[in-house]
Q: 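Quick one: the structure is below, and I'll ask about it shortly.
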Amino acid sequence: MIDLTGLNDQQKEAVLTTDGPLLILAGAGSGKTRVLTYRIGYLLDSGLSKPSSILAVTFTNKAAEEMKSRVRELLMSSDLSSLVDEVRWVGTFHSICVKILKQYGGAIGIDSNFTIVDTQDQQSFIKIALDNCGLSSKEFNPKSILAHISSAKSNLIDPGEYQKNAVEYFHSVVAKIYSEYQGLLKKNNSLDFDDLIFTTVKLLKEHHKVLENLQNNFKYIMVDEYQDTNHSQYVLISLLANKYRNICCVGDDDQSIYAFRGANISNILNFEKDYPDSKVIKLEQNYRSTKKILQASYSVISKNVKRKDKKLWTQNEEGDDVVIYKSYDEVDEANWVVSKIKEMRDRSVKLSSIAVLYRTNSQSRSIEESFLKSAIPYRIVGGLRFYERKEIKDIIAYLRFVYNPNDVTSMIRVVNVPRRGIGDKSLEKALALSNSLGVSFGEMLLSQESFVGIPDKVLEFGLLYKDLVVNLSKMCLKDYIEFVIERTGYLKMLDDGSLESPMRIENLKELITVGSKYSTGTAKQNLGDFLEEVSLLEGVGEQRSDRQNEDCVTLMTIHSSKGLEFDIVFLVGMEENLFPHSNAIISESEMEEERRLAYVAITRAKKKLFMTCVHQRRYFGKIQRNSVSRFITDINPSIVKIIDFYDSDIENEEVSVISDKEESQFSKKFILKPGQKVRHSYFGVGVVIKSDFESVTIDFGGDIGNKDLILEYAKLELLD
DNA sequence: TGAGAACAATTTTTT
DNA sequence: ATTGTTCTCA
Ligand SMILES: Nc1ncnc2c1ncn2[C@@H]1O[C@H](COP(=O)(O)OP(=O)(O)OP(=O)(O)O)[C@@H](O)[C@H]1O
């Protein structure tokens with residue numbers, strides 16, 4: 001039995017409103033995901049639906065994972081554990097579309113063993129496309145072209161239509177490349193991320209049978225984080241829901257943070273127009289955070305002008321002040337965070353209840369280094385992604401070529417890795433041969449005896465390929481991956497005693513671990529599923545067995561933290577130009593998105609929130625100074641406690657906190673004249689060069705030289 | 001063909 | 001600052 005007593009009245013209503021269109025519009029931590037989870041549980045428990053008739057989608061892997069695990073937990077504790085494995089249609093938009101395309105894609109000429117190309121592959125294809133069109137990739141930035149194509153695809157615009165709409169010269173170039181690019185993908189039996197959705201929509205629109213089939217199957221559809229859907233995803237959902245109209249969308253317009261990749265808030269704002277018979281439920285009680293954290297989040301989000309005001313309340317306790325640490329540089333910042341975490345660990349706080357969040361992936365570097373030194377276990381989500389690492393991509397390329405003898409792209413990637421003396425010339429010759437004979441490159445290698453004119457070195461590679469193919473059905477996937485790494489000479493190549501080699505070998509071991517999940521059946525049977533999992537980037541690298549269950553701190557971008565919650569959150573790099581990011585500051589709408597992002601970040605915290613900013617930070621190897629983020633100064637000072645870096649060496653930092661307004665007010669009154677001698681507690685004695693109301697430049701002489709300080713925080717002592 | 005030099009890009013966020 | 005990409009020459 002599903003126990004609904006853990007829900008408030010509105011939540012209960014949302015769970016029990018099973019039929020007809022339903023929109024749940026609610027702020028952070030108000031239990032939206034909880035409602036979805038219980039709704040799934042209730043649908044199953046009441047017998048209203050079979051597990052396979054429920055479709056629940058969201059946008060990020062992390063959020064999908066969260067939803068899956070919450071559903072599993074609920075079912076396990078409600079005597080419904082037998083159904084857990086049957087709830088199959090819970091996942092990201094992309095993974096759902098892959099499932100649909102694998103099954104029905106044939107109708108529009110999609111081979112069921114298609115590969116999904118990642119960003120790097122996409123860029124190579126664009127470069128080739130440019131080349132084929134006689135255009136230079138110097139003149140036309142491949143990234144920019146890709147961005148245009150991607151946005152076209154999320155709006156369901158195909159190359160032909162794009163061409164028609166093109167006004168500027170650049171657009172017509174994009175149109176040409178777009179068309180060429182699609183041709184290349186097709187030839188390689190590949191789809192990119194945007195294609196997964198676009199193609200599925202096309203399939204549903206063009207093949208009524210398939211659409212009907214799926215419409216009949218998905219009796220209940222639920223979408224989490226609906227504010228993040230783009231046009232193509234919106235159309236997809238509308239199509240699927242059009243029969244039963246039992247569609248439940250959940251979201252929060254204040255948490256829309258993916259507009260940069262085409263997400264459209266009007267999808268959620270227009271829900272009531274799309275479904276005039278819909279019911280709208282608002283949830284206003286926050287169950288996650290303390291009063292102070294909630295207040296901080298409100299003072300940030302309420303500054304957005306293009307926003308429907310909604311206010312959350314909570315019965316949770318007042319909680320502690322938001323602690324702000326102003327550090328010297330990113331190393332100091334990281335060390336401070338780690339030292340705080342150490343203190344907490346010593347007070348037996350669970351590390352898994354702690355998260356460090358940042359705006360950009362690059363910030364994880366300094367934090368990670370500090371963690372490594374301190375030996376505190378941590379886990380980085382996303383970032384320099386596992387699957388993007390060269391060694392992983394290389395082995396995957398071998399596997400793909402084995403799986404699909406047509407996959408020339410993968411073959412080209414590894415044919416000479418490690419070095420086999422196969423250069424452009426030999427390769428071109430061999431490729432031309434297979435092309436002219438109309439056989440796949442793989443087939444040609446396998447029956448090489450029957451072909452003349454293959455270069456010697458390529459023949460040798462062919463023997464290796466043959467061996468790989470033959471062994472595919474002889475062992476399980478885990479052993480097979482190991483075999484490939486060994487047999488191709490890849491391991492030997494890596495093991496060259498260089499600095500990175502142990503790390504790379506470690507990564508390959510991790511890949512083998514991912515493969516070990518497929519323990520039943522041969523590699524031949526599982527390779528397809530494995531490759532699909534890997535290309536959907538579903539948390540590879542986090543599945544490492546030794547890390548999975550270990551109690552460790554989570555490091556991730558704010559974007560990937562959406563939908564999650566932690567007792568303790570550290571928000572690092574709270575500086576102007578970093579967060580809000582410099583690229584966003586010029587545009588009003590992007591600025592609002594940054595602010596929503598800050599709102600998401602703050603509302604991840606349940607009990608304690610720390611924010612840090614630095615005095616100076618290395619950026620492209622250069623030192624940059626930025627002022628404190630507006631998202632810090634927007635918070636009501638009465639719930640904030642500030643700690644400055646030069647005090648932190650002193651034993652008890654709590655004592656030296658400047659929290660009274662009087663004190664900071666007082667220091668603000670100083671207007672320093674050039675030539676004034678001052679003493680700074682960190683840099684020592686110096687001479688003022690120039691000063692205004694807020695900041696001061698001081699020459700400390702020697703190695704330190706000129707420093708720009710913020711008057712308010714640099715507690716300066718005047719000397720005569 | 002491969003090694004090394006010269007050069008360019010990288011750091012906004014995800015699938 | 002670091003890493004990857006392209007160019008040049010032996
Ligand atoms: N009625 C309730 N009673 C007790 N706890 C609740 C209740 N509703 C939600 N919670 C708790 O509040 C927290 C936030 O819930 P949930 O993650 O579902 O919110 P959300 O609205 O999805 O948040 P977000 O918008 O940030 O994703 C969870 O820890 C959940 O267990």
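None of the values given here were measured: they were computed from a predicted structure. Reminder, nothing fancy here: chain letters follow the sequence lines and each chain counts from 1. In what follows, every heavy atom counts, from backbone to side chain, and hydrogens, waters and symmetry copies are set aside.
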Q: Once salt bridge (Lys or Arg N to Asp or Glu O under 4.0 Å) is applied, what residue pairs with a partner in residues 89-101 of chain A remain, sequence neighbours excluded?
A: none
Q: Give me the distances for all protein-to-nucleotides 8-10 of chain C N/O pairs that come in under 3.5 Å?
A:
none

Q: Check the orientation of A:Phe610 and A:Phe570. Use parallel for under 30°, tilted for 30 to 60°, and perpendicular for over 60°.
A: parallel
Q: Touch check for A:Asp194, heavy atoms < 4.0 angstrom, all strands: base, sugar-phosphate only, or nothing?
A: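 Contact class for A:Asp194: none.
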Q: Look at all strands and tell whether A:Tyr258 reaches a base, only sugar-phosphate, or nothing, counting heavy atoms closer than 4.0 Å.
A: sugar-phosphate
Q: If you pin A:Gln122 and A:Ser426 to their nearest nucleotides in DNA chain B, which one's is more 5'?
A: A:Ser426
Q: Just to verify, which of A:Glu576, A:Glu330, A:Glu575 counts as forming a salt bridge (Lys or Arg N to Asp or Glu O under 4.0 Å) with A:Arg617?
A: A:Glu575
Q: Picking from B:dT13, B:dT15, C:dT6, which would you name as closest to the side chain of A:Thr92?
A: B:dT15
Q: Just say parallel, tilted or perpendicular for the rings of A:Phe170 and A:His148, cut-offs at 30° and 60°.
A: perpendicular
Q: Check the distance between C:dT2's P and A:Lys622's NZ and give it to me in whole angstrom.
A: 15 Å
Q: For A:Arg595 and B:dT13, give me the distance from atom CZ to atom C1', rounded to whole Å.
A: 18 Å
Q: Who pairs with A:Asp224 by side chain to side chain donor-acceptor pair (under 3.5 Å), at least two apart in sequence or on another chain?
A: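 In terms of side chain to side chain donor-acceptor pair (under 3.5 Å), with neighbours along the sequence ignored, A:Asp224 is linked to A:Thr33.
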Q: Can you name the side chain to side chain contact (heavy atoms under 4.5 Å, CB included) partners of A:Lys102, sequence neighbours left out?
A: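 In terms of side chain to side chain contact (heavy atoms under 4.5 Å, CB included), with neighbours along the sequence ignored, A:Lys102 is linked to A:Val98, A:Phe114, A:Glu532.
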Q: Report the residues that fulfil salt bridge (charged side-chain N to carboxylate O under 4.0 Å, His left out) with A:Arg604, sequence neighbours left out, ordered by chain and then residue number.
A: none
Q: Whole Å only: how far is the CD atom of A:Gln255 from the C1' atom of B:dT14?
A: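 Those two atoms, CD and C1', are 16 Å apart.
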Q: Write down the distance between CD1 (A:Ile422) and P (B:dT1), rounded to a whole number of angstrom.
A: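 For the pair A:Ile422 CD1 and B:dT1 P, the rounded distance is 9 Å.
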Q: Looking just at side-chain N and O atoms, do A:Gln182 and A:Lys153 make a donor-acceptor pair shorter than 3.5 Å?
A: yes
Q: Distances under 3.5 Å between protein N/O atoms and the N/O atoms of nucleotides 5-12 of chain B, please, pair by pair.
A:
from, atom 1, to, atom 2, distance (Å)
B:dT10, OP1, A:Lys143, NZ, 2.6
B:dT12, OP2, A:His581, NE2, 3.0
B:dT12, O2, A:Arg359, NH1, 3.1
B:dT12, O2, A:Arg359, NH2, 2.5

